Protein chains: 2
Amino acid sequence: MSIRDYIESLDERSRQVLFAVIESYIHKPEPVGSRFVTKKYPIGFSPATIRNIMSDLEEAGLLAQPHTSAGRVPTDKGYRYYVDALLNPAGGVSKDSYAGTMQDFARRLDTMKNDLAVMFHEVTDTLSRMSNYVGVALPPKAAKTTFHRIDLMKYRDGNVVAILLTDEGLIRNKIIKIDPELTQDDLNRIADYLNSENRGRTIDEMTLMLVALMQDEKALWDSMISRAIEVCKQTFNFNEGDLYVSGLYDAMDLPDFSDIGKIRQLSRAIKDKHTILRLLDEFAEAEGVNVIIGRENTSSELQNLSIVAASCRESGRPMGVIALIGPTRMDYSKAIFMVDMVARQISRTFDEHR
Amino acid sequence: MSIRDYIESLDERSRQVLFAVIESYIHKPEPVGSRFVTKKYPIGFSPATIRNIMSDLEEAGLLAQPHTSAGRVPTDKGYRYYVDALLNPAGGVSKDSYAGTMQDFARRLDTMKNDLAVMFHEVTDTLSRMSNYVGVALPPKAAKTTFHRIDLMKYRDGNVVAILLTDEGLIRNKIIKIDPELTQDDLNRIADYLNSENRGRTIDEMTLMLVALMQDEKALWDSMISRAIEVCKQTFNFNEGDLYVSGLYDAMDLPDFSDIGKIRQLSRAIKDKHTILRLLDEFAEAEGVNVIIGRENTSSELQNLSIVAASCRESGRPMGVIALIGPTRMDYSKAIFMVDMVARQISRTFDEHR
DNA sequence: CATTAGCACTCACCACCACAGAGTGCTAAC
DNA sequence: GTTAGCACTCTGTGGTGGTGAGTGCTAATG
């Protein structure tokens with residue numbers, strides 16, 4: 001069954017009711033009753049009919065009842081249906097109300113695109129402020145980025161500060177330990193050597209080259225080359241894991257997190273970044289906006305949460321992932337729109353100036 | 001009235017009772033009754049006597065009753081008395097149980113002391129893990145640090161990456177905009193000029209020099225000097241505000257934060273770092289361990305919280321402040337011990353290798 | 001005269017109950 | 001196929017009484 005078929009598998013009436021319930025519930029987290037639907041959404045049937053439809057939707061697993069005599073609440077599956085329907089019609093949900101914000105955002109983005117750290121910080125901030133959910137961003141994997149230039153500076157205790165620039169805008173500095181006898185001139189020569197030989201290679205490629213070089217006895221006799229190898233070995237040993245997170249505190253104001261346990265869950269999920277990191281990494285190559293709803297999450301920490309993610313690209317190459325994390329009762333329409341918008345804007349900004 | 005007098009203003013019995021109540025309450029956040037005190041703390045009086053003493057302590061504002069017929073609870077003033085007594089006897093509260101942890105910590109510290117960012121990250125982490133409170137650290141003000149070296153590298157779009165190293169271990173990189181015609185050789189000359197002229201000066205002093213230089217017409221004719229001025233202007237324009245925070249999520253497990261409002265308060269205080277930043281800054285010059293309890297805080301966001309802070313020094317010069325933030329019902333003895341210990345260890349590590 | 005035993009009193013907490021209100025499912029009528 | 005009517009279910013709220021911890025006071029005690 002294709003997605004289209006799936007979406008059309010519900011008759012028009014049922015869909016209207018499902019959407020009414022979901023949208024009402026998103027707006028206000030209270031079980032939605034049949035009478036309420038007839039009043040607020042002009043479907044044109046009596047409460048009794050709506051009740052029958054709701055009963056069917058419950059049987060189909062799209063709605064649920066907290067208890068016998070309460071209204072209906074969407075299930076994860078219900079949200080899934082809703083989101084699929086939302087994503088399918090070529091994302092025609094344009095919202096002019098944010099046009100101003102986005103223009104402003106695009107302008108700021110342009111001034112920051114050269115430093116990914118600054119940029120992603122700003123991006124998560126903007127995302128979370130606009131949505132009230134938690135904005136996260138995962139920069140491109142350092143190993144996959146393109147070497148631009150390295151610089152070595154003598155520092156305290158005979159240490160050396162290595163600064164690595166990549167074409168993507170990653171800037172890393174790291175203190176490395178290396179022969180303390182080396183003078184700054186020596187370091188400059190090593191840096192020059194690396195810079196001249198490797199521009200345009202990815203870090204991964206460079207690492208491969210190094211392995212090859214290390215097998216070459218002749219190269220090892222050359223003290224400069226062997227020191228250059230040592231420099232790279234230490235510098236490229238990133239502790240992967242710079243996840244940008246913003247808006248956790250504001251998200252706590254959402255009624256969904258009014259209970260302390262939920263907040264802990266969310267906080268914990270963010271604290272041990274591994275889970276989210278792995279999750280976002282999966283989306284790095286994916287097209288368009290991706291949504292994971294509640295229990296669809298394999299990791300238990302995120303089972304009460306939903307994630308709306310999109311990857312950014314520069315001329316096709318992945319340049320990181322941005323996402324919003326919120327409760328399953330999320331304003332998906334808004335979240336999808338925003339994530340999509342921001343991801344597109346980032347990609348556009350990158351591509352423009354190349 | 002000297003502190004000593006003040007501490008001795010309570011007779012021995014009253015002190016014992018006060019301390020019993022405080023320690024019991026710190027251990028378990030429940031009002032402490034007179035019978036409980038007699039059972040747990042061998043003061044040697046009957047509940048009735050303890051009740052009289054408690055009544056006196058309440059009158060003195062050191063204890064309080066949540067409601068008539070409940071036990072007593074310490075007030076901020078009560079904690080203050082307790083802390084003063086704790087701080088006064090030359091901090092003789094040595095705790096061997098942490099000796100192992102501290103030794104391990106000292107070893108790790110030594111490998112990190114050259115990069116303050118890494119070090120402070122580790123420090124807040126250690127502090128919060130050991131205490132279950134929120135660990136925070138404020139590095140030395142960039143403007144007050146000592147210039148060590150600057151490096152300039154051409155980067156994308158004719159931008160320049162400026163890397164600033166200071167003697168203290170601060171490493172900052174910043175993208176600056178400057179004449180895009182400049183070659184890397186030009187940049188190297190500018191950096192060399194700055195490096196040879198300024199080693200050992202503080203950033204503040206350098207800024208003063210620049211202002212002076214800018215008045216000198218002759219200097220402005222020299223294109224290199226005027227460009228060097230421009231570089232510094234942009235590079236030294238830090239957005240002060242790198243506060244290291246760790247352990248917020250674990251602190252949420254404390255019973256004191258079981259209510260959602262308190263967590264929000266804490267989170268908010270940490271989010272708009274200004275408050276805490278200003279607060280810690282006040283301690284940068286202070287001696288020993290400083291404690292601020294609850295309402296003693298001038299800023300309303302922190303009125304339910306206590307802060308235990310100490311500054312780190314390198315041969316007398318302030319090198320940043322570390323602190324623990326927790327509920328007023330804090331294990332002050334433990335917190336003071338830890339903050340003191342860690343701050344001393346940091347200072348020692350700095351001084352050792354100089 | 002400080003200390004203590006005894007006692008009445010207060011208040012939070014809990015379990016219990018009744019009741020109103022919202023919403024359902026079912027049945028019979030349209 | 002749709003709807004009106006109705007009995008039923010369940011939650012949330014407010015009131016009530018009992019229990020227990022802990023107090024303050026008073027009078028007795030060493």
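These numbers were taken from a predicted model, which means no experiment stands behind them. Worth knowing before you read on, the calculation uses all heavy atoms, side chains too, and leaves out hydrogens, waters and symmetry mates. Lettering follows sequence order; numbering is per chain, from 1.
The separation between B:His67 atom NE2 and D:dG20 atom C1' is 12 Å, rounded to whole Å. The CZ atom of A:Arg51 sits 12 Å away from the C1' atom of C:dT27 (whole-angstrom rounding). The distance from atom CD1 of A:Ile53 to atom P of C:dG23 is 17 Å, rounded to the nearest whole Å. Here the P atom of nucleotide D:dT26 and the CG atom of B:Asn52 are 12 Å apart, to the nearest Å. For the pair A:Ile43 CD1 and D:dT2 P, the computed distance is 13 Å after rounding to whole Å. Put simply, CD on B:Glu30 is 14 Å from C1' on D:dG20, counting in whole angstrom units. Distance, B:Met54 CE to D:dG22 P: 10 Å, rounded to whole Å. Remark: P of C:dT24 and CG of A:Leu63 are 11 Å apart, rounded to the nearest angstrom.
With A:Tyr82 as the aromatic partner, A:Arg80 does not meet the cation-pi criteria of under 6.0 angstrom to the ring centre and within 45 degrees of the ring axis. With a 6.0 Å cutoff to the six-membered ring centre and a 45° limit on the axis angle, A:Arg264 does not count as a cation-pi contact of B:Tyr249.
Looking at A:Thr75, its side chain never comes within 3.5 Å of a backbone N or O of A:Ala64 through a donor-acceptor pair.
The phosphate of D:dT3 has OP1 or OP2 within less than 4.0 Å of a side-chain N or O from A:Thr49. Not one side-chain nitrogen or oxygen of A:Arg35 sits closer than 4.0 Å to the OP1 or OP2 atom of D:dA4.
B:Tyr41 and B:Glu23 share no side-chain donor-acceptor pair at under 3.5 Å. The closest side-chain donor-acceptor pair between A:Ser246 and A:Ser128 falls under 3.5 angstrom.
Distance from the side chain of A:Phe45 is smallest for D:dT3 among the nucleotides C:dG25, D:dT3, C:dT4. Between D:dT2, C:dA2, C:dA5, one nucleotide has an atom nearer to the side chain of B:Arg13 than all others, and that is C:dA2.
When the nearest nucleotides of DNA chain C are assigned to B:Ala48 and B:Ser69 by heavy-atom distance, the more 5′-ward of the two goes with B:Ala48. Where B:Gly44 and B:Thr68 each meet DNA chain C at their nearest nucleotide, the meeting point lying more 5' is that of B:Gly44.
Note on B:Phe36: nothing from the nucleic acid sits closer than 4.0 angstrom, heavy atoms only.
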